[in-house]
Amino acid sequence: VWVEGEFFTGKPDLHRLLTEPYPKPSSELQAFLDGPVEKVCQMATDWEIYQRKDLPTAVWDYLRQERFFGMMIPQEYGGLGFSNLAYSSVMVKLASRSFTHVATVGVTNSLGPAKLLLCYGTSAQKQYYLPRLARGEEIPCFALTEPNAGSDAASLISQGEVFRGEDGKLYLRLNWRKRYITLGAIATLLGLAFRLRDPDNLLGKGKELGITCVLVPTQTPGVVINQRHDPMGVPFYNSPTEGHNVILPVEQIIGGVEQAGQGWKMLMQALAAGRGISFPATCTGVAKLVARVAGAHSVIRRQFGLSIGRFEGIEEPLARIAGLTYLMDAARLYTCGAVDNGQQPAVV
């Protein structure tokens, strides 16, 4: 849908590639990076976070206080109203300190329910949930991945069924088994992707509505989140979750009944944000850290009376690290410009 489409033609329009926007950080963004982002990075070392298997309480409080969980939520709802470029820039800096930072902040801004609420939520859903998410009163997670489905969202098998309650109102009965859900262990609001059935056609849309996304308060009876994954020893919160005959009103569907069965579109947008913005920012931040540490070590480490960085066998890989990091940062900025310009390049 964007310049990656040009590559697939086999005859890319280089003029188009060169005229796409290539954004630069604003003075306001730079102030945030030099202020709150710098401070939160100084509040705990990666070593301390690994020892605790969590961010320190003071860091959690500061992230809430400075609205890190609401960077992408508009100011009218209490968030910071950041662009994708601003969010990406913050993630680059956080990644250079600890991956636990970016996993924690990233889900609340890119893969969490807030993003879907902004695009598809009803007015009532936005008014209630977005301020709570921006303040960190609600900790969100997004439950897509299953034993046999993840990025391959079309393979998910979690089920929901519409039925009429004794009070005459319409409800959903949900059953699911999910795993590898970031922030799941501490989430208060679970965004759930499932396949919706309406055997009695109560919604008037047919019996098989397809993939749907719903908001599930984690205190709802039948929701099970009582374990924690240990993903390669990296101590960000990540967990399995199950739902057993969880009952919710149909109004909890993101976007209301009108968006029932529209979950595939929502998932592709959510995954595009993660693949196009969050992950490149994280990887670029780590690459910058590697370049800095390797470069500094090559100066202070001496052999045969010379800094090892003067040896050609060290200069060559250092140059490769620097060049690839520059390329990664350029691609990150280029893609941010596209997304902030209204593109949704899930492939790139």
Side-chain angles (χ1 to χ4, degrees), residues 1 103 106-117 119-120 139-162 172-187 189-199 205-218 220 222-232 234 236-248 250 252-255 259-280 282 344-348:
V1 297
V107 165
T108 57
N109 284 281
S110 68
L111 288 177
K115 191 85 170 180
L116 297 180
L117 282 169
C119 295
Y120 301 105
I139 298 295
C141 69
F142 191 69
L144 167 62
T145 307
E146 301 177 355
N148 293 298
S151 295
D152 179 16
S155 296
L156 67 86
I157 61 173
S158 295
Q159 296 283 339
E161 190 171 283
V162 181
L172 303 172
R173 181 181 292 106
L174 303 167
N175 288 276
W176 71 82
R177 286 180 60 224
K178 303 285 187 176
R179 60 178 61 179
Y180 311 133
I181 309 305
T182 303
L183 296 188
I186 59 170
L189 183 65
L190 185 150
L192 179 73
F194 67 101
R195 292 190 179 278
L196 179 60
R197 297 183 65 253
D198 185 3
K205 294 186 172 188
K207 296 185 178 182
E208 300 289 342
L209 280 77
I211 297 175
T212 302
C213 297
V214 67
L215 297 168
V216 183
T218 56
T220 306
V223 177
V224 179
I225 308 179
N226 59 2
Q227 291 180 296
R228 182 178 175 184
H229 291 310
D230 181 14
M232 298 186 294
V234 183
F236 64 95
Y237 279 108
N238 189 279
S239 70
T241 174
E242 295 183 5
H244 304 286
N245 294 320
V246 176
I247 306 299
L248 290 173
V250 293
Q252 288 298 110
I253 294 173
I254 296 178
Q259 293 295 334
Q262 298 301 307
W264 175 257
K265 176 175 63 177
M266 297 184 188
L267 292 177
M268 289 304 99
Q269 182 191 52
L271 292 175
R275 305 297 186 264
I277 304 297
S278 296
F279 291 164
T282 300
Q344 294 180 21
V347 172
V348 72

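For H244, there are no ring pair (Phe, Tyr, Trp, His ring centres under 6.0 Å) partners at least two apart in sequence or on another chain. Residues meeting the salt bridge (Lys or Arg N to Asp or Glu O under 4.0 Å) test with E242, sequence neighbours left out: none. Applying the ring pair (Phe, Tyr, Trp, His ring centres under 6.0 Å) rule to F236 yields the partners F99; only residues at least two apart in sequence or on another chain are considered.
Listed here is the closest heavy atom pair of S278 and S110: OG-OG, 3.0 Å. Between C141 and V107, the closest heavy-atom pair is CA-CG1, 4.3 Å. Minimum interatomic distance between F142 and I181 (heavy atoms only, all atoms of both residues): O-CG2, 3.7 Å. Taking all atoms of both residues into account, the shortest heavy-atom contact from R228 to S239 is CA-CB, 4.1 Å. Listed here is the closest heavy atom pair of V234 and D230: N-OD1, 4.2 Å. Across all their heavy atoms, A153 and L144 have their closest contact at CB-CD1, 4.0 Å.
Judged purely by atom type and a 3.5 angstrom limit, K115 has no side-chain atom pairing as donor or acceptor with the backbone of T108. Of the possible donor and acceptor atoms, one in the side chain of Q252 sits under 3.5 Å from a partner among the backbone N and O of L215. Formation of a donor-acceptor pair under 3.5 Å by the H229 side chain with backbone atoms of N238 is not found in this model. A donor-acceptor contact shorter than 3.5 Å links the side chain of T212 to the backbone of G210.
S158 and E146 share a side-chain donor-acceptor pair at under 3.5 Å. Side chain to side chain, S155 and N148 fail the donor-acceptor criterion of an N or O pair below 3.5 Å.
By the 4.5 Å heavy-atom criterion applied to side chains, I247 and L174 are not counted as neighbours. Residues K207 and P199 fail the side-chain proximity criterion, which asks for heavy atoms closer than 4.5 Å. Residues Y237 and T182 form no side-chain contact, since every pair of their non-hydrogen atoms from C-beta on lies 4.5 Å or further apart. Between P240 and Q227 there is a side-chain heavy-atom pair separated by less than 4.5 Å. The closest side-chain heavy-atom distance from V216 to F194 is not below 4.5 Å. Q262 is not listed as a side-chain neighbour of Y120, based on a closest heavy-atom distance of 4.5 Å or more. For the pair L156 and R195, the minimum side-chain heavy-atom distance is below 4.5 Å. At a threshold of 4.5 Å between non-hydrogen side-chain atoms, the residues R173 and Q159 do not count as touching.
Between atom CD1 of residue I211 and atom CH2 of residue W264 there is a gap of 6.0 Å, rounded to the nearest 0.5 Å. Here M266 contributes atom CE and L116 contributes atom CG; the two are 6.5 Å apart, rounded to the nearest 0.5 Å. To the nearest 0.5 angstrom, L192 atom CG is 9.0 Å from I254 atom CD1.
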**Asked** Between V246 and N175, does a side-chain contact (heavy atoms from CB on, under 4.5 Å) hold up when you go through it step by step?
**Response** CA-CA 7 Å; V246 176; N175 288 276; over 6 Å; no
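A side-chain contact (heavy atoms from CB on, under 4.5 Å) with T218 is found for one member of I186, T241, I225 and no other, namely I225.
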